[in-house]
Engineer: 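First the structure, then my questions, so here it is.
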Amino acid sequence: MSIFRSLFSLLLVIVATVLVACSGPQVQIPTTYSPEKIAQLEVYVTPIESAREKMETLKTLISDQNWVNIRTYIHGPLGQLRQDMLNLSRSLLPKDQDQATALAREVFGHLERLDVAAKDRSLTQAGVQYREALEDFDAFLNLIPKAS
Ligand code: ZN
């Protein structure tokens with residue numbers, strides 16, 4: 001009887017250990033950003049925030065109907081934006097990655113259509129694409145955690 005009892009409690013210990021081991025990795029998936037992670041993300045966010053400021057220059061170029069410089073600007077100063085946004089998306093928490101990647105692709109899709117609009121010298125189309133790019137850009141930035 002006492003052997004049975006000690007075997008039984010040994011079994012309980014094994015079951016408990018297996019349960020803890022199995023639930024372990026799930027518990028460890030982070031669902032919030034640690035201060036260290038936010039500091040690490042800053043490196044990726046900085047060039048994107050500066051690209052966001054450059055969008056204001058693009059707005060001026062559009063209202064001036066400066067078609068050639070709009071296209072130069074998209075490929076030059078904003079040329080690295082797609083890669084920067086995708087890199088940042090991959091560094092976010094798993095729960096935010098898909099949305100960030102989708103928004104990054106949206107922004108670039110609008111900039112590509114803005115490029116086409118500039119080629120066609122269509123102010124209406126350029127205005128539409130610019131506004132939508134800006135909207136998706138700001139939604140993207142809203143996903144990025146801020147240091148408090
Ligand atoms: Zn869009």
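Values below: all heavy atoms of this structure, side chains included; hydrogens, waters and symmetry mates excluded. Counting starts at 1 for both ligands and their atoms, following the listed order.
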Engineer: Checking one value in my table: which N/O/S atom of Asp136 lies closest to the Zn ion (ligand 1)?
Structural biologist: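 The nearest such atom is OD2.
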Engineer: Supply the atom-to-atom distance Arg121 CZ to Ile70 CD1, rounded to the nearest 0.5 angstrom.
Structural biologist: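 CD1 of Ile70 is found 9.5 Å from CZ of Arg121.
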Engineer: Can I get a per-line list of side-chain donor-acceptor pairs under 3.5 Å for residues 33-40, giving both atom names and the distance, sequence neighbours left out?
Structural biologist:
from: Tyr33; atom 1: OH; to: Leu93; atom 2: N; distance (Å): 3.1
from: Tyr33; atom 1: OH; to: Asp96; atom 2: OD2; distance (Å): 2.8
from: Ser34; atom 1: OG; to: Glu36; atom 2: OE1; distance (Å): 3.4
from: Ser34; atom 1: OG; to: Lys37; atom 2: N; distance (Å): 3.1
from: Lys37; atom 1: NZ; to: Ser91; atom 2: O; distance (Å): 2.8

Engineer: Lys119 versus Trp67: any side-chain heavy-atom pair under 4.5 Å?
Structural biologist: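 The answer is no; the side chains never approach within 4.5 Å.
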Engineer: Taking the N/O/S atoms of His110 one by one, which is nearest to the Zn ion (ligand 1)?
Structural biologist: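 Within His110, restricted to N, O or S, the Zn ion (ligand 1) is closest to atom NE2.
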Engineer: Could you check which N/O/S atom of Glu106 is closest to the Zn ion (ligand 1)?
Structural biologist: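 It is OE1, the N, O or S atom of Glu106 closest to the Zn ion (ligand 1).
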Engineer: Using the salt bridge (charged side-chain N to carboxylate O under 4.0 Å, His left out) rule, collect all pairs that involve residues 69-91, keeping only residues at least two apart or in two chains.
Structural biologist: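 Counting only pairs at least two positions apart or across chains, the salt bridge (charged side-chain N to carboxylate O under 4.0 Å, His left out) contacts touching residues 69-91 are Arg71-Asp115, Arg82-Glu112.
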